[in-house]
Amino acid sequence: QVQLVESGGGLVQPGGSLRLSCAASGSFARIDAMGWYRQAPGNQRELVARITSARTTNYADSAKGRFTISSDNAKNTVYLEMNSLKPEDTALYHCYALIARDWWSRQTDYWGQGTQVTVSS
């Protein structure tokens with residue numbers, strides 16, 4: 001089995017910072033990509049940031065310049081540094097990972113249960 005466990009969410013004032021972490025555990029051969037999605041009430045789920053095992057990255061336009069995604073491949077962990085937070089960043093943030101359980105098997109998306117980020121004064 002594979003588990004993704006997020007941490008680092010919480011309540012922060014506008015302009016503040018948070019660092020989200022997501023660690024993958026279990027039995028698998030490799031992780032090809034990890035990233036973060038978010039969903040707020042009344043909004044569709046959107047991709048915030050993504051990073052591949054080769055450390056190529058992409059960001060939502062709303063995140064560029066404020067958020068930084070990074071990974072520690074040895075720890076099977078992805079991070080999202082969130083700076084200059086705005087109330088519109090308030091959402092449930094879900095970690096995902098693109099994982100191959102075996103070297104010969106198809107890649108599969110796995111999802112964490114989410115960590116809440118609330119930006120409010």
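Side chains are part of it too, since the values below use all heavy atoms of this structure and drop only hydrogens, waters and symmetry mates. All values reported here derive from a predicted model rather than from experimental measurement.
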How about CD on Gln113, more than 12 heavy atoms from neighbouring residues, nucleotides or ligands closer than 6.0 Å, or not? no
Would one find more than 12 heavy atoms of other residues, nucleotides or ligands at under 6.0 Å from atom CZ of Arg106? no
Smallest separation among heavy atoms of [X] and [Y], with atom names:
{"X": "Ser84", "Y": "Arg66", "value": "O-NH1, 3.0 Å"}
{"X": "Arg101", "Y": "Ser27", "value": "NE-O, 2.6 Å"}
{"X": "Gln39", "Y": "Ala91", "value": "O-CB, 3.5 Å"}
{"X": "Glu81", "Y": "Ser17", "value": "OE2-CB, 4.3 Å"}
{"X": "Thr77", "Y": "Ala23", "value": "OG1-CB, 3.7 Å"}
{"X": "Trp36", "Y": "Leu47", "value": "O-CD1, 3.5 Å"}

Do the side chains of Asp61 and Lys64 get close enough for a salt bridge, i.e. N-O under 4.0 angstrom? yes
What do the steps show when you test Arg38 against Glu46 for side chain to side chain contact (heavy atoms under 4.5 Å, CB included), and what is the final call? CA-CA 6 Å; Arg38 69 186 181 189; Glu46 64 174 343; 2.7 Å; yes
Are the aromatic ring centres of Tyr37 and Tyr96 under 6.0 angstrom apart? yes
Go through Tyr79 and Asp72 one step at a time and tell me if the side chain to side chain contact (heavy atoms under 4.5 Å, CB included) criterion holds. CA-CA 8 Å; Tyr79 307 94; Asp72 185 334; 4.2 Å; yes
Could you give the distance from [atom1] ([X]) to [atom2] ([Y]), rounded to the nearest 0.5 Å?
{"X": "Trp111", "Y": "Asp109", "atom1": "CH2", "atom2": "CG", "value": "6.5 Å"}
{"X": "Leu80", "Y": "Thr115", "atom1": "CG", "atom2": "OG1", "value": "11.0 Å"}
{"X": "Asp89", "Y": "Ser120", "atom1": "CG", "atom2": "OG", "value": "12.5 Å"}
{"X": "Asp102", "Y": "Arg30", "atom1": "CG", "atom2": "CZ", "value": "9.5 Å"}
{"X": "Thr90", "Y": "Gln116", "atom1": "OG1", "atom2": "CD", "value": "7.0 Å"}

Candidate pair Ser71 and Met34, rule side chain to side chain contact (heavy atoms under 4.5 Å, CB included), full reasoning: CA-CA 8 Å; Ser71 62; Met34 299 186 77; 5.7 Å; no
Candidate pair Leu18 and Val119, rule side chain to side chain contact (heavy atoms under 4.5 Å, CB included), full reasoning: CA-CA 10 Å; Leu18 287 173; Val119 184; over 6 Å; no
Within the 3.5 Å criterion, strictly below it, is a donor on Ser53 or Asp32 matched to an acceptor on the partner's side chain? no
Applying the 4.5 Å side-chain criterion to the ILVMFWY set and letting contacts propagate, would [X] and [Y] be lumped into a single cluster?
{"X": "Met82", "Y": "Leu92", "result": "no"}
{"X": "Leu4", "Y": "Phe28", "result": "yes"}
{"X": "Val2", "Y": "Ile51", "result": "yes"}

Side chains of Val117 and Leu20 in contact at under 4.5 Å (non-hydrogen atoms): yes
When you compare the side chain of Leu98 with that of Arg50, does any pair of heavy atoms fall below 4.5 Å? yes
